[in-house]
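Only one structure is covered here, and it is reproduced in the block below.
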Amino acid sequence: MGFVKGLRCRECGRSYPAAALHVCDYCFGPLEVAYDYERAAASVSRASIAAGPASIWRYADLLPVSAQSPVDLGAGFTPLVRADRLAAELGLGELYIKDDTRNPTGSFKDRVVSVALTKARELGFKVAACASTGNLANSVAAHAARAGMDSYVFVPADLEHVKIQTTAVFGGKLIAVNGNYDDVNRLCAELASEHDDWAFVNVNVRPYYSEGSKTLAFEVAEQLGWQAPDHVVVPIASGSQLTKIHKGFHELTTIGLIEGGDNVRISGAQATGCSPVASAFSDGSDIVRPVRPSTIAKSLAIGNPADGWYALQVARSTGGAIGSVTDPEIVEGMRLLARTEGIFAETAGGVTIATLAKLAAAGIVRRDERVVAYVTGTGLKTVEALGDSVGPMGVIAPTLDAFAALDQATLDQATRDRDAFDQGTRPQEGTQA
Ligand SMILES: [Zn+2]
């Protein structure tokens, strides 16, 4: 908080106070938090960060809020897991998984919401609100409960059942909307202008909210012993997370805590059924054309991504790429990560891992690079996406004879699936919910 200069337009550079503003009055460009990096560099050190709590709040000096009384469920400082078995399968060398399934409500959204609601409370808001594809809904409802704030959470009515239940349990006002995320988001933009006493985390306090994603870069650098990775792979929904990971590595470099943070190659991952940014990338176009999403990766199903253009520029300027994968490939990615590293990711994690596999096969993510894949949410919320692709090998009577009678070929099924993936073939399609 001490180093915030205010808000600044990402397009025309005009300055604004650090209030509940998100759009430039002059050019309608998005506003972003600006810091005094010279002063930050003089006072923030590796030691001062290490002395902080094992959560995002150890980086409070680089966040736009005061850490005096954060709205905190313990988000962040999740494990950075060395993934040698996955690396071997993908033909990569030094590979890590940033395991953000391990957040309080099971996704990286706890990082951004903790920052957003802390700022909202600072600004005097009593009500938290959001449009969500599910993970944000969980997190806003939980953090609002923690803060004693009222909450209004709007989600598409066809969301995974688990994400509805795991939001509603926190007792806020949950409203299901007949429409896709982009419809919900449009409704929320209208509601935000009618209810200026509500803190819409991804509308009027979005500049603060999105800063929480920088901690995904901060933690990776610190966990690598204050070194930058060579290449990271990040899922793209709105595109905000990818651009903030870029900003995070840049800031650590600017204030002298790491070297080479501006050389990190940043690649993006989308589901083919909602891949406006990946399409623009592969077309060599600067225009991110909105699409109507159709994918099992509902947490990434944003057809008109607010930060899509910026994500595209980051991938291009850093030498990264943006790939996309089909629904069956997403399920395979989830299963591959689970059986090699013991990490059960949601569909978005399947998107990241399957895209990583593709980029590795294409030689874009290289064996000589230190690579980090961001796995941003737990598979327990999207179990239905697995459909019949996994299950028991057989149902038997509780006797030794029955077990002995099990067909060995059936028991070998898991091994065959693995071989199939290695050979680049996929199991039968059409089994997903
Ligand atoms: Zn502007």
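Numbering of ligands and ligand atoms starts at 1, following listing order. The shown structure was predicted, so the numbers you read here are calculated from the model rather than taken from an experiment. For the single chain, residues carry numbers from 1 onward in sequence order.
Taking the six-membered ring where tryptophan is involved, the planes of Tyr59 and Phe218 are tilted, since the angle between them lies from 30° to 60°.
Cation-pi geometry between Arg8 and Tyr16 is not met: the NZ or CZ atom fails to fall both under 6.0 Å from the ring centre and inside 45° of the normal. In this structure, Arg14 is positioned above the aromatic face of Tyr26, its NZ or CZ under 6.0 Å from the six-membered ring centre and within 45° of the axis. For the pair Arg10 and Tyr310, the cation-pi test (distance below 6.0 Å, angle within 45°) is passed.
Applying the side-chain contact (heavy atoms from CB on, under 4.5 Å) test to Asp100 and every residue at least two apart in sequence or in another chain returns Thr78, Lys98, Asn103, Phe108, Arg111, Leu216.
A donor-acceptor contact closer than 3.5 angstrom is absent between the side chains of Tyr209 and Glu211.
Around the Zn ion (ligand 1), the protein contributes the following N, O or S atoms at distances under 2.8 Å: Cys9 SG, Cys12 SG, Cys24 SG, Cys27 SG.
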